[in-house]
Amino acid sequence: MPVRAAATDADYLDGLNPEQRDAVLTTEGPLLVLAGAGTGKTRVLTTRLAHIIRNRLAWPSQILSVTFTNKAAREMRERVGALMGEQVEGMPWLGTFHSIAAKILRIHAELVGLKSSFTILDTDDQIRLLKQVIQAAGIDDKRWTARYMASLIDGWKNKGLTPDKLGADDGYAFAEGKGVEVYTTYQNRLKVLNAADFGDLLLHNITIFQKHPDVLRKYHEKFRYLLVDEYQDTNVAQYLWLRLLAQNTGGSGANNVCCVGDDDQSIYGWRGAEVDNILRFDQDFPGAKVIRLERNYRSTEHILGAASGLIAANKDRLGKTLWTEDSGGHRVTVTGVWDGPAEARIIGGDIENWKSKGRSYNDVAILVRASRQMRNFEERFIQLGLPYRVIGGPRFFERAEIRDAHAYLRVLRSDTDDLAFERIVNVPKRGIGATSVRKLQQAARSMNVSIEEATRRIIRTDEIRGKARSSLRAFLLDIDRWRKEAETTKHTEMAELILDQSGYTQMWRDNKDAKSQGRLDNLKELISAMGEFDTLDAYMDHVSLVMDVETGPQEDEISLMTLHSAKGLEFPLVFLPGWEEGTFPSQRSLDESGMAGLEEERRLAYVGITRAREQAKIYFAANRQLYGSWQSALPSRFIDELPIQHVDVESEANQYNPSLIADKVQEDFGRSFDRAQSGGRTSPGWQRYSKNKNQNFGRAPKDIEGHAVRRPAKGKSSNFNVGERVFHDKFGYGAVKETEGTKLTVAFEKAGEKKVLDGFVKRASEV
DNA sequence: TCGCCCTATATAAGG
DNA sequence: TATAGGGCGA
C-alpha cells in the first residue's frame with residue numbers, strides 16, 4: 001500500500017479552501033483541526049475519509065471514526081458514501097463512542113467479568129438498581145437519593161475512575177462517606193446481572209486496554225487512522241480511551257490521530273466534557289499540527305462580528321478569527337419587551353411577516369436556554385395558527401410505555417433480567433405490591449438465583465398468599481406460553497400479542513388521561529420500528545445504543561428548541577429570546593460553576609448567534625414568570641458584550657425605554673459576578689473581564705431610528721425618591737425603599753420586595 | 001394493595 | 001405553574 005498517493009488534482013478536492021485542503025491532505029501524524037462555526041467541518045471530515053480510502057492509505061475497516069451522536073455518525077456515513085459512490089461498503093468502525101466501545105467490549109467481555117451477551121442499562125434501570133443498593137445498605141433513600149448517587153457515579157465514570165481508584169474521602173458527599181461503598185456494591189450488582197451502564201462501556205474498555213497490552217496491540221495493528229469529531233466535548237474517560245488507542249509507537253499507523261472541534265462551542269461541561277482536552281492537544285500529542293478553519297460560509301459579517309465580539313470576553317480559548325466574504329446584511333437586533341407573552345407576540349408577528357415575504361417557516365428557528373421558555377411560543381403559535389415543531393424533549397425510547405414494552409420483550413428473551421422482570425411484574429396492576437416484590441428479591445438473593453427463578457420456587461410455598469400468589473402463577477404461565485410461541489412467531493406479531501395478552505394495551509385504553517391515546521400510538525410506532533429488524537435480538541441490540549428515531553419527512557414548520565440542541569444546525573432567521581440575567585446566563589450555572597460556568601454560558605450564546613445565516617434577533621423581557629410567580633429581570637450581560645457596530649437596538653413601542661439597554665448596570669454586573677466568583681474583583685479573570693467589557697462599551701448604542709441613545713451619566717440617579725409611592729403593571733403598588741442609578745428597590749404591597757428599573761414604574765399619583 | 005391528595009421541586013441531554 | 005413521588009386512609 002502506498003504511503004501517500006499524489007491526489008492533489010483529484011476532483012473531490014475541488015472547491016476546498018487552502019486550510020480545508022491542508023486538513024484533508026495531512027493524513028500522517030497527530031492533527032488538530034480547529035473548525036469554527038460554519039467553516040465546513042463536516043465536509044473536511046468526510047473528504048478526509050474519502051481521501052484516505054481512495055488513495056489506499058487504509059481500508060475502510062482500518063479507520064476508527066468516532067462521533068458523539070448517532071445523528072452525526074449517520075450523517076458522516078451517508079456523506080462518505082456519497083463521495084465514494086458504490087465502491088465502498090460501510091465503515092465498520094464509524095460510530096459513537098458508546099457503540100464502538102460496546103462492540104469492543106462484546107469481544108472481550110470476559111476480561112472484566114461479563115458475558116458477551118451483557119445488557120446495556122439505560123439511566124432508568126440504573127437509578128432503580130441504585131435505589132435497591134442504597135436501601136440494602138441501610139441508607140435513607142429520601143435524604144440520599146438514587147438520582148444523586150447516579151450523578152456522582154456518572155461523574156466518576158466520566159473521569160475514568162473505577163471504585164478502586166477512589167480515595168476514602170471521595171465518596172464523602174454521599175451519606176456521610178458511604179459513597180464509594182455504594183459505588184462498589186453497584187458495580188458488583190452489575191456484574192451479577194451481566195449488565196453495563198453507559199459509563200461502563202468506555203470504562204471497561206480502558207481497563208481491558210490497560211491490563212491486557214496484547215489486546216490493545218491488536219487494535220493498534222488494526223487501526224491505521226483515528227478520527228474524532230467534536231473533540232471539545234470529550235470527557236476524561238473518552239480522552240484516556242483515545243490516548244490508549246492512539247499512542248501507538250510500533251504499529252503501522254503511528255499516532256495518526258485527527259481531532260476536530262471548536263473550543264468556542266464547548267457547551268457540555270456539565271456532562272463531564274473537559275475543554276482542557278482540546279486546549280492541551282499539542283502537549284498530549286507531541287509534534288501535533290494545528291489547522292484553523294476560519295473562513296465562514298454561513299453567516300453575514302454582522303452576525304460573525306457580533307458573535308466574535310461576544311466570545312472574545314472568554315479567557316480560556318485557543319482563539320480564532322472568523323471571516324466571511326459576505327459583507328453587509330442585517331445587524332443583529334436587540335429588542336427589549338415587557339414580558340414573555342409580549343416576546344412571543346412580537347416574534348410571532350415577525351415570523352408572519354417573514355412568511356408573507358415568500359420565505360418559509362423552515363427557515364426560522366427559536367432558540368431558548370431552558371425548555372420551559374418554549375411555552376409562551378407554543379401558546380402564541382397555536383393562537384396564530386403558525387405551524388411549529390419542537391426539537392428535542394423526551395425521546396421516543398425513553399417514554400414509560402416504550403420502556404414497559406421493552407421490559408416485556410427483555411423478559412421474553414431472558415429469564416435472568418431481574419430489572420425488566422421487576423419493572424413489569426405489576427404493570428398492569430396484578431395485585432402484586434411492594435411487599436411481595438420485596439419478598440421475591442430477598443428470596444432471589446438468599447438462593448442466589450434470578451428473580452424469575454425465585455418466583456417459580458416461592459409460589460410453591462406459602463410465603464406469598466392470596467391474590468399475589470395466584471397472579472404470580474398466572475404471570476409465569478403467560479411468560480412460558482409466550483416463550484414457546486416466540487419460537488414460531490414473527491417478533492412483531494409476538495410483541496403485539498404480548499402487549500395484548502398481558503393487558504398492557506388495555507391498561508392504557510382504560511386510562512382516561514389525555515395522553516393515553518398518544519401512548520397507544522407510540523406502542524404502534526414501536527411495532528413498526530421493530531419491523532425494520534429481522535429478529536428481536538437485532539432490534540434490542542439496536543435500541544440499547546440508539547435512543548433516537550430518524551425524523552420523518554419535513555413539513556414547513558418553525559423550529560423551536562434549546563440552544564444546546566441547536567448546535568450543528570443553521571437557519572436563515574434565528575430568534576434568541578430570554579437574554580436576561582438569571583435566565584441567560586443561567587443563575588444556576590454561575591452559582592455552581594462560577595467563572596467556568598459563565599464562560600460556558602457565553603459559548604452557548606456564541607453557538608446561538610452563529611446558527612444564523614441572514615439574521616439573528618435577540619430579545620429580553622423586563623418581567624419573566626418563573627414557576628408561577630413574576631419576577632423582574634435585567635438584560636443579560638451578554639447583550640452588553642455585543643460590539644455595538646454590529647447591533648441595532650429596537651424597542652417595543654411606548655412600553656420600553658431603549659436607554660435602559662445601554663445603562664443596564666455595569667455595577668450590577670460586578671455584583672452578580674462577585675457572587676459567582678470567590679476571587680471577586682481582584683481576580684485576574686475579573687480584571688480581564690472589565691477590560692474587555694470597557695472596550696466593547698466605548699460607544700453608545702443606537703436605537704432603531706439611528707439616534708444615539710442617551711446614556712445616563714455615571715451615578716445618575718433615578719427620578720424617584722426613597723419613600724415615594726409607585727405603581728408597577730405586574731406587581732401593583734409599592735413604596736420605593738432604595739434607589740441605585742436607575743434601579744429601584746421597591747417594597748410592593750402584594751408582591752413583596754423587588755428590584756425594578758425606574759422605566760417600569762409610574763408614580764402612584766400619576767396612575 | 002390501591003388510589004388520591006398533598007407537597008416538594010424545578011437547566012441543558014448524548015449514549 | 002406543573003408534575004412526580006410519597007404518605008396515608010379505605
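Convention: sequence-line order gives letters A, B, ...; per-chain numbering from 1.
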Listing, residues 138-147 of chain A side-chain donor-acceptor contacts under 3.5 Å, not counting sequence neighbours, or none:
residue	atom	partner	partner atom	Å
A/D140	OD1	A/K142	N	3.0
A/D141	OD2	A/Q135	NE2	3.0
A/T145	OG1	A/Y148	N	3.1

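Side-chain contact, A/Y268 with A/N235: no donor N or O sits under 3.5 Å from an acceptor N or O. Residues A/Y239 and A/E274 bring no donor and acceptor atom of their side chains to less than 3.5 Å of each other. Checked by atom type, the side-chain pair A/Q126/A/D122 shows no donor-acceptor distance below 3.5 Å. Neither side chain, A/N277 nor A/Y231, offers a donor N or O lying under 3.5 Å from an acceptor on the other. Using a 3.5 Å distance cut-off with no hydrogens or angles, the side chains of A/Q441 and A/R438 do not pair a donor with an acceptor.
As rounded to whole Å, 13 Å separates atom P of B/dT9 from atom NZ of A/K142. Between A/W270 atom CH2 and B/dT11 atom C1' the separation is 8 Å, expressed in whole Å. Here the C1' atom of nucleotide B/dA12 and the CD atom of A/Q587 are 16 Å apart, to the nearest Å. Residue A/D510 contributes atom CG, which lies 16 Å from atom C1' of B/dG3 at whole-angstrom precision. With rounding to whole Å, A/I267 atom CD1 is found 11 Å from B/dG14 atom C1'. Atoms CG (A/L202) and C1' (B/dG14) sit 12 Å apart, rounded to a whole Å. Protein atom CD1 of A/I100 is 13 Å distant from nucleotide atom P of B/dG15, rounded to whole Å. Note: CZ (A/R430) to P (B/dC2) measures 11 Å, nearest angstrom.
Regarding contacts with the backbone of B/dA12, every side-chain N or O of A/S565 stays at 4.0 angstrom or more from both OP1 and OP2. Neither OP1 nor OP2 of B/dT11 sits under 4.0 Å from any side-chain N or O of A/S371. Taking only side-chain nitrogens and oxygens, A/T562 comes nearer than 4.0 Å to OP1 or OP2 of B/dA13. Regarding contacts with the backbone of B/dC2, a side-chain N or O of A/N426 is found under 4.0 angstrom from either OP1 or OP2.
Nearest heavy-atom pair, A/A273 versus A/Q232, reported as atom, atom and distance to 0.1 Å: CB-O, 4.0 Å.
Along DNA chain C, read 5' to 3', the first and last nucleotides having any atom under 4.0 Å from a heavy atom of chain A are C/dT1 to C/dG7.
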Review point. Run the side-chain hydrogen bond (donor to acceptor under 3.5 Å, both in side chains) check on A/N623 and A/W630 step by step: do they pass?
Key: CA-CA 7 Å; A/N623 302 285; A/W630 284 95; over 6 Å; no
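The listed nucleotides are B/dT1, B/dA13, B/dG15; the one nearest the side chain of A/R271 is B/dA13. Side-chain proximity of A/R588 to B/dG15, B/dA13, B/dT11: nearest is B/dT11. When distances run from any side-chain atom of A/T123 to the nucleotides B/dA12, B/dG15, B/dC2, the shortest one goes to B/dG15. The side chain of A/R372 has B/dT11 as its nearest neighbour among B/dT11, B/dG3, B/dG15. Ranking B/dT1, B/dA12, B/dG15 by closeness to the A/T435 side chain, first place goes to B/dT1.
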Practice item. Report the secondary structure of DNA chain B in dot-bracket form, marking unpaired bases with a dot and bases paired to a different strand with |, and treating Watson-Crick or G-U pairs with both distances under 3.5 Å as paired. Key: ||||||||||.....
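Figure legend: A/K103 and A/W93 shown as a cation-pi pair, the cationic atom lying under 6.0 angstrom from the six-membered ring centre and within 45 degrees of its axis.
Positionally, the nearest nucleotide of DNA chain B for A/E600 lies more toward the 5' end than for the other of A/F68 and A/E600. Comparing A/H98 and A/E601 by the nucleotide of DNA chain B whose heavy atom lies nearest to each, the residue mapping closer to the 5' end is A/E601.
The residue A/D122 sits apart from the nucleic acid: no heavy atom pair falls under 4.0 Å. Residue A/R375 is classed as a sugar-phosphate contact, given heavy-atom separations below 4.0 Å to backbone atoms only. Within 4.0 Å (heavy atoms only), A/K131 reaches sugar-phosphate atoms of the nucleic acid but no base atom.
For the pairing with A/R423, the salt bridge (charged side-chain N to carboxylate O under 4.0 Å, His left out) check across A/D125, A/D417, A/D124 returns one residue only, A/D124. Results of the side chain to side chain donor-acceptor pair (under 3.5 Å) test with A/R624 over A/Q631, A/E580, A/Q373 single out A/E580 as the only residue that passes.
A/Y268 does not qualify as a stacking partner of the B/dA13 base, lacking a centre-to-centre distance under 5.5 Å together with planes within 30°.
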